[in-house]
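Have a look at the structure below, then the notes.
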Amino acid sequence: SNVSLIVYIKQREEKLLEASVESLISRVAHLKNALHSFIYKLENEYERLTWPSVLDNFALLSGQLNTINKLLRNEKTPSFRQQVIIPLLLSPDRDEELAKLTEQRVPVFSHEIVPDHLRTKPDPEVEEQEKQLSAEAARIGPEVAQKQIQTLNKLCSNLLEKLNNPRDDRDAESAAIRQNKPSFNTADTNALVAAVGFGKGLSKCRPPGPVAPGHPGQGPMMSGGPTLQQVTIGGGSGQQQGMGPGAPQQQGQAGKMPSNIKTNIKAASSMHPYNR
């Protein structure tokens, strides 16, 4: 009775394993077909491919992967890690059935191929890299490692916070910074307005120096005679000092201003914005 019970349990486990493997193979085949279809669209129909269609394909692939994960985590599914695969027959000759099952990827099942396909450990290069990383990790003390972990976590948290903040908040902060930071000098602006509007801080007479004599045939404004900068309305003495030697007729008429200069001064006064 005990022997028959053990045989029954083994047969039941074998049937359950076969059913689980067949279900897994079917799910993987569906996933493979979906991948082939998506890759074909990307390579041949990319001009007509739209973004919603790409998202639909990704959603299909994601759903199929989740289905496979649920199948592997199911309580009724036996643990495939506890199963051992033993090669019963090795041959250097081509196996058509094996090539058909593997879609021509594995045409033979020889001593050269078996170690790669039935490997349960990483490749030697990967194992060597893991050893190097483990040795480097062992050289770092626990305190240093903890500090590095905290620094990395802080950087990641700051980066995630910046990425999660809405763009509007960042724009508002940038606008507030630009508004709070002045881009002008109030004192310079007031001095410029006072100089333009009221002449504050401007020189009333031309700096002292020789005046070039005028050429014959030139008018009073083109000669070395008095100009707007040379004339001071305060009195006759200032007028006589501002007039150069190129205008002897004006020197003889003390206290009088040439008519053309009077006309220019009146026109300038009438055009000033505070006299309108």
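With sequence neighbours excluded, the residues forming a side chain to side chain contact (heavy atoms under 4.5 Å, CB included) with Ser91 are Asp93, listed by chain and number. Take Lys121 and apply the salt bridge (charged side-chain N to carboxylate O under 4.0 Å, His left out) test, not counting sequence neighbours, and it matches Glu127. Residues passing the side chain to side chain contact (heavy atoms under 4.5 Å, CB included) test with Glu128, sequence neighbours excluded: Lys131, Gln132. Among residues two or more places apart in sequence or in another chain, the salt bridge (charged side-chain N to carboxylate O under 4.0 Å, His left out) test is passed with Asp123 by Arg119. When the side-chain hydrogen bond (donor to acceptor under 3.5 Å, both in side chains) test is applied to Glu96, the partners found at least two apart in sequence or on another chain are Arg94. Taking Glu161 as the reference, Asn158, Asn165 meet the side chain to side chain contact (heavy atoms under 4.5 Å, CB included) condition, with sequence neighbours excluded.
Sequence neighbours left out, not one pair with a member in residues 139-154 passes side chain to side chain donor-acceptor pair (under 3.5 Å). Applying the ring-ring contact (aromatic ring centres under 6.0 Å, His included) test to residues at least two apart or on different chains, none of the pairs has a partner in residues 94-145.
You'll find the side chain of Leu17 reaches within 4.5 Å of the side chain of Val21, heavy atoms only.
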Return all side-chain donor-acceptor pairs below 3.5 angstrom for residues 23-39, not counting sequence neighbours, or 'none' if the list is empty.
{"unit_1": "Lys32", "atom_1": "NZ", "unit_2": "Glu103", "atom_2": "OE2", "d": "2.4"}
{"unit_1": "Asn33", "atom_1": "ND2", "unit_2": "Ala29", "atom_2": "O", "d": "3.2"}

Check: residues 43-71 side-chain donor-acceptor pairs under 3.5 Å, at least two apart:
{"unit_1": "Asn44", "atom_1": "ND2", "unit_2": "Tyr40", "atom_2": "O", "d": "3.1"}
{"unit_1": "Asn57", "atom_1": "ND2", "unit_2": "Ser53", "atom_2": "O", "d": "2.6"}
{"unit_1": "Asn66", "atom_1": "ND2", "unit_2": "Ser62", "atom_2": "O", "d": "3.1"}
{"unit_1": "Thr67", "atom_1": "OG1", "unit_2": "Gly63", "atom_2": "O", "d": "2.9"}
{"unit_1": "Asn69", "atom_1": "ND2", "unit_2": "Leu65", "atom_2": "O", "d": "3.3"}

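Taken to the nearest 0.5 Å, the CD atom of Glu18 stands 6.5 Å off from the CD atom of Glu22. For the atom pair CZ of Arg105 and CG of Leu98, the computed distance is 10.5 Å after rounding to the nearest 0.5 Å. Atoms CZ and NZ, from Arg12 and Lys15 in turn, are 10.5 Å apart once rounded to the nearest 0.5 Å.
Heavy atoms only, all atoms of each residue included: Val106 and Thr102 are closest at N-OG1, 3.1 Å. The two residues Pro92 and Ser110 make their nearest non-hydrogen contact at CA-CB, 4.1 Å.
Side-chain contacts under 4.5 Å among hydrophobic residues (ILVMFWY), followed directly or transitively, place Ile149 with no other residue at all. Taking Ile, Leu, Val, Met, Phe, Trp and Tyr as members and joining any whose side-chain heavy atoms lie under 4.5 Å apart, directly or through other members, the hydrophobic cluster of Ile140 also contains Val144.
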